[in-house]
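First comes the structure, then the notes that go with it.
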Amino acid sequence: MQTQPIQFDAFNALADKVAQARIEAARAQLGKRAVLLCHHYQRADVYRHADITGDSLKLSRLAAQSDAAYIVFCGVHFMAEVADILSRPEQIAILPDLAAGCSMADMASLAKVERCWRELSSVLNPDEVVTPVTYINSAADLKAFCGAHGGIVCTSSNAPKILEWSFARRAKVLFFPDQHLGRWSGYKMGIPLDQMVIWNPDLEMGGLTHEQIHNAKIILWHGYCSVHQMFQPSQITKFRAQYPEGKVISHPECSFEVCAQSDAIGSTETIIRVVKESAPGTRWLVGTELNLVDRLAAEVKHEGKIVQFMADTICMCSTMQRIDPQHLAWTLENLVAGKVVNQIKVPEHEAKLAKLALEHMLDAS
Ligand code: 13P
Ligand code: SF4
């Protein structure tokens with residue numbers, strides 16, 4: 001009988017082929033006790049083992065509905081936190097490599113958001129005037145902050161609806177951490193660009209004057225995704241000059257200029273659906289992470305569709321990439337041995353408030 005968890009060292013040097021075979025063997029032994037949720041950016045050698053794939057909204061809904069004892073999340077840290085918060089208390093959420101974080105999520109911390117709230121209090125009463133909205137790409141304590149202050153969570157697929165929910169309650173929104181998703185969603189609901197201001201958390205009062213705060217409808221946190229900021233309007237211009245009949249689709253984490261020049265904007269799940277539903281022979285330029293784009297290109301090739309990646313350089317989510325077959329094999333073999341490694345457990349008081357903000361989102365979307 002195994003007493004200690006199996007250490008990862010023994011898996012580090014496993015050849016990919018061996019790791020694949022061991023994942024399959026462990027999965028066969030675990031059966032329905034483990035469910036593997038995979039985000040669309042996951043690398044191919046892990047994605048092939050997924051029971052369920054999806055964008056953040058779909059995966060958070062399905063995590064809540066799963067009956068499995070173990071929810072193995074092949075994504076990034078905040079996604080596994082959401083799975084833990086929304087699943088039943090006896091279910092266990094696992095992230096195969098704890099270093100799989102989200103650099104955008106790290107751009108907003110509870111200390112900085114609380115300081116922002118305090119500083120806003122010198123100009124207005126934020127608890128009466130401002131709805132805090134956190135993108136799901138954020139730590140659980142920020143979701144809890146929103147839960148505690150009448151706020152809500154959003155994802156890339158429901159942000160406009162969530163803004164409507166927010167403005168139905170209070171006159172202004174504080175949107176963190178992704179400025180681009182906030183700006184694009186605000187713009188789509190008719191808010192002028194000059195009524196959306198940037199809060200720079202490294203500056204006193206976010207670098208804003210009292211007048212700017214009073215005039216703003218949305219205060220956007222100075223955060224962004226390092227993958228999506230690589231996409232540029234010039235790449236779209238070049239594509240359109242070469243292929244005037246081509247279509248462009250982008251993720252709303254791209255800059256405003258990229259979104260404005262795209263034919264369609266959507267979450268990862270939406271991008272996949274729109275390209276799959278398009279007419280045979282359509283040529284697409286896609287502004288989102290490379291693993292998704294490569295997989296999509298291969299899947300629709302037989303219909304004569306051509307799917308091109310927007311950037312000239314490789315743009316992968318390097319943190320999600322850390323979940324490799326070796327870590328997955330290690331995690332699953334431990335479960336077979338009755339050991340849980342890399343459990344993601346959000347402290348109860350935090351989970352309760354974060355769940356409130358997540359439930360507001362699920363009800364509103
Ligand atoms: P989706 O919710 O669209 O899958 O996006 C998650 C994400 O992190 C995109 O960078
Ligand atoms: Fe975070 Fe960007 Fe990776 Fe999405 S692509 S998980 S926003 S770092």
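Just so you know, ligand 1 is whichever comes first in the structure, and atom 1 is the first atom listed for that ligand. Excluded from the calculations below are hydrogen atoms, water molecules and symmetry mates; all remaining heavy atoms, backbone and side chain alike, are included.
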Short check: any N/O/S atom of C102 below 2.8 Å from atom 1 (Fe) of ligand 2?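 It does; at least one qualifying atom falls short of 2.8 Å.
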Would you check whether S267 has a nitrogen or oxygen atom less than 3.5 angstrom from a nitrogen or oxygen atom of ligand 1?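 S267 vs ligand 1: no N/O contact under 3.5 Å.
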Proximity to ligand 1 by part of E253, non-hydrogen separation under 4.0 Å: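 Just the side chain.
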Using a 4.0 Å heavy-atom threshold (strictly under), name the region of T155 that reaches ligand 1: side chain, backbone, both or neither.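 For T155, no heavy atom sits under 4.0 Å from ligand 1.
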Determine whether the aromatic ring centres of residues [Y] and [X] are separated by less than 6.0 angstrom.
X: F176; Y: Y135; value: no
X: H222; Y: W199; value: no
X: F256; Y: W184; value: yes
X: F11; Y: H327; value: no
X: H228; Y: Y224; value: no

Atoms of ligand 2 close to [X] [distance to a heavy atom under 4.0 angstrom, numbered from 1]:
X: Y41; result: 4 (Fe), 5 (S)
X: S103; result: 8 (S)
X: C225; result: 2 (Fe), 5 (S), 7 (S)

Any atom of ligand 1 sitting under 4.0 Å from a heavy atom of [X]?
X: H40; answer: no
X: H39; answer: yes
X: N137; answer: yes

Under 4.0 Å from any heavy atom of H228, which atoms of ligand 1 are there?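 Reading through ligand 1 atom by atom, the close ones are 10 (O).
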If I take atom NZ from residue K345 and atom CD1 from residue I85, how far apart are they, to the nearest 0.5 angstrom?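 Interatomic distance, K345 NZ to I85 CD1, rounded to 0.5 Å: 9.5 Å.
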Applying a strict 4.0 Å limit to heavy atoms, is E253 in contact with ligand 2?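 Under 4.0 Å: yes for E253.
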Using the six-membered ring of Y70, assess whether NZ or CZ of R33 lies under 6.0 Å from its centre and within 45 degrees of the ring axis.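 No, R33 does not sit over the ring of Y70.
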Criterion side chain to side chain contact (heavy atoms under 4.5 Å, CB included) against S262, the qualifying member of P233, S250, P252: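 For S262, the side chain to side chain contact (heavy atoms under 4.5 Å, CB included) test succeeds with only one of P233, S250, P252, which is S250.
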